[in-house]
Number of protein chains: 2
Amino acid sequence: MAVTTMSAETLHEGVLDVLGAEIAGGTPPPGSVLRLEDLAARFDVSRTVAREVVRILESMSMVSSRRRVGVTIRPLAEWNVLDPRVIRWRLAGTGRRAQLTSLTVLRAGVEPVAASEAAHRASADQIDRLLALARDLLETSRLGDLASFLEADIAFHQTVLEASGNELLAALHPAIAEVLVGRTQHQLMPNPPRDVAVDLHRQVAEAIARRDARAAGDAMRSIVSEVGGALTE
Amino acid sequence: MAVTTMSAETLHEGVLDVLGAEIAGGTPPPGSVLRLEDLAARFDVSRTVAREVVRILESMSMVSSRRRVGVTIRPLAEWNVLDPRVIRWRLAGTGRRAQLTSLTVLRAGVEPVAASEAAHRASADQIDRLLALARDLLETSRLGDLASFLEADIAFHQTVLEASGNELLAALHPAIAEVLVGRTQHQLMPNPPRDVAVDLHRQVAEAIARRDARAAGDAMRSIVSEVGGALTE
DNA sequence: TGTGCCCATTGGTGTGACTAATGTCCAGGC
DNA sequence: GCCTGGACATTAGTCACACCAATGGGCACA
């Protein structure tokens with residue numbers, strides 16, 4: 001009998017989500033040892049499924065599995081903290097605030113570079129999209145439509161990351177989107193959005209459109225540093 | 001009978017490494033469909049092990065598994081390209097050069113921020129270590145000892161990332177180390193190391209030591225942009 | 001030509017047995 | 001009393017087999 005309700009397409013997926021979130025949340029803490037048999041019993045699944053779940057957690061370096069010992073929770077420092085799932089789990093738990101802070105610092109590094117690269121590599125379609133999204137941001141902020149603003153904001157940043165032509169930068173999109181969502185959910189952002197932030201997005205889009213890498217990077221740097229300021233205020 | 005030689009602690013680990021590297025290398029290409037049964041036969045392992053391997057690849061979004069269809073290779077754009085293993089596989093294969101370029105761009109974004117953060121948060125031990133490593137770099141470059149230089153270089157960058165106090169930045173260390181190694185292996189770096197690069201490392205260490213975030217970030221930015229120039233020259 | 005049902009195919013899960021490491025602990029010797 | 005070496009209990013690793021559950025494709029029928 002499962003202790004916790006799980007909804008998922010496949011069994012192991014549900015177990016993984018629950019167990020992963022628990023570990024990411026700090027219970028059981030690093031150093032703890034679990035037994036495969038116990039996991040199977042607790043989630044009312046076969047050892048096969050329990051093993052698959054453990055294997056995946058092991059592949060994220062969150063646990064290590066050894067004969068005669070069991071499944072040991074590894075210290076946070078060794079986890080694949082860039083794995084989208086790990087980020088999601090940590091955002092969902094008690095470490096949410098800390099994770100948002102870490103992500104914001106990462107953004108500060110990554111997004112200006114992405115904007116610069118995008119200025120070199122963005123396709124005509126991507127440029128059109130960026131300009132349109134910048135207009136949407138202005139529109140929705142004037143209307144005070146926070147939900148639509150967030151949506152456009154996420155799409156804007158995703159497009160910049162994709163337009164960078166760098167798959168590593170693009171891979172950070174889900175995490176960055178989480179930051180934007182989390183910031184809105186936690187009232188960590190001015191409402192309505194500051195005009196200056198909206199205008200900076202326009203500047204990014206226009207700089208990319210005229211292939212001005214430096215200006216694009218600088219404008220994006222202003223955006224993310226403003227965000228960092230808001231979060232630490 | 002296994003088609004390819006594999007050396008690993010556990011069975012599934014060996015299979016994973018071979019199959020993952022193959023897929024990362026582009027064969028079979030995205031869209032291809034594999035059958036669990038075939039994989040088990042090819043690697044001479046049970047379906048259990050084959051399934052675990054597929055699950056892990058699935059957890060990296062490299063493949064998707066569906067009933068009645070099989071295991072489909074997903075397009076590169078959907079992979080967890082930040083997973084250290086994926087990076088390693090791609091560096092090992094034909095995409096090595098492209099992966100190094102992507103990583104260099106990522107470095108350019110991440111490392112200056114890490115240096116700035118480190119200026120705020122580095123411990124006394126970390127500062128001592130950075131200063132010592134900066135001296136090692138000077139020493140080994142004068143001696144022309146490229147191997148020791150590389151070692152100190154890797155340690156230096158790792159220490160900065162760790163000193164940033166940001167686990168997401170620290171998690172990028174393995175990838176960044178690969179860039180440094182790959183650059184040396186491929187003669188993509190001046191030999192002996194340029195004095196200016198060595199001196200920039202000293203500047204980073206000293207800026208962090210005197211808690212000057214801006215100077216630390218600027219010096220690091222010079223380092224990584226010089227590297228980017230060398231790679232695209 | 002279209003449309004809906006059937007079923008072959010393929011992954012998903014469960015089970016039990018056996019294998020292989022490896023901490024632990026105890027016996028024996030110094 | 002302390003070290004050393006080996007037997008043993010424990011726990012993950014692997015395998016084979018059986019059965020369940022989707023589902024894409026093709027066939028029969030309208």
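Note that the coordinates shown come from a computational prediction; the quantities given were computed from them, not determined experimentally. All heavy atoms count here, side chains included; hydrogens, waters and symmetry mates do not. Lettering follows sequence order; numbering is per chain, from 1.
Shortest non-hydrogen contact noted between V81(B) and V86(B) is CA-CG1, 4.0 Å. A pairwise comparison of heavy atoms in G31(B) and T72(B) identifies O-CG2, 3.9 Å as the closest pair. Nearest approach of A209(B) to I127(B), heavy atoms of both residues: CB-CG2, 3.6 Å.
Taking the side-chain contact (heavy atoms from CB on, under 4.5 Å) definition, one finds that A21(A) meets it with W89(A), sequence neighbours left out. With sequence neighbours left out, the side-chain contact (heavy atoms from CB on, under 4.5 Å) criterion links T159(B) to Q126(B), R129(B), L130(B), L133(B). When the salt bridge (Lys or Arg N to Asp or Glu O under 4.0 Å) test is applied to R121(B), the partners found at least two apart in sequence or on another chain are E117(B).
For R66(A) and dG13(D), the shortest distance from a side-chain N or O to OP1 or OP2 is not below 4.0 Å. Phosphate proximity of dG13(D) to R55(A): present, with a side-chain N or O under 4.0 Å from OP1 or OP2. Contact annotation: S65(A) reaches the phosphate of dG13(D) (side-chain N/O to OP1 or OP2, under 4.0 Å). Not one side-chain nitrogen or oxygen of H12(B) sits closer than 4.0 Å to the OP1 or OP2 atom of dG13(D).
Checked options H157(A), E111(A), M220(A); the residue passing with V204(A) is M220(A) (criterion: side chain to side chain contact (heavy atoms under 4.5 Å, CB included)).
Contacts of residues 30-39 of chain B with DNA chain D (heavy atom under 4.0 Å): none.
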Can you list, pair by pair, the side-chain donor-acceptor contacts under 3.5 Å of residues 166-181 of chain A, counting residues two or more places apart and other chains?
unit_1  : atom_1 : unit_2  : atom_2 : d
N166(A) : OD1    : L168(A) : N      : 2.8
N166(A) : OD1    : L169(A) : N      : 3.3
N166(A) : ND2    : S102(B) : O      : 3.0
E167(A) : OE1    : S102(B) : OG     : 3.2
E167(A) : OE2    : R90(B)  : NH1    : 3.1
E167(A) : OE2    : R90(B)  : NH2    : 3.3
E167(A) : OE2    : S102(B) : OG     : 3.1
H173(A) : NE2    : Q158(A) : OE1    : 3.3

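Rounded to whole angstrom, the span from the CD atom of E52(A) across to the P atom of dG13(D) amounts to 13 Å. Between L11(A) atom CG and dA21(D) atom P there is a gap of 11 Å when expressed in whole angstrom units. Rounded to an integer number of Å, the gap from R67(A) CZ to dA9(D) P is 18 Å. What separates CZ of R51(B) from P of dA16(D) is a distance of 15 Å, to the nearest Å.
Taking 3.5 Å as the limit, the base of dA21(D) and the side chain of R68(B) contain no donor-acceptor pair of atoms between them.
Running 5' to 3' along DNA chain C, contacts with non-hydrogen atoms of chain B at under 4.0 Å begin and end at dA8(C) to dT13(C).
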- Query: Can you check salt bridge (Lys or Arg N to Asp or Glu O under 4.0 Å) on R55(A) and E58(A), steps first, answer last?
  - Reply: CA-CA 5 Å; R55(A) 275 282 139 73; E58(A) 195 177 19; 3.3 Å; yes
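Residue order along DNA chain C, read from the 5' end via each residue's closest nucleotide, puts E13(A) first among E13(A) and V69(A).
For T48(B), the side-chain atoms get nearest to dA16(D) when compared with the rest of dA16(D), dG24(D), dC20(D).
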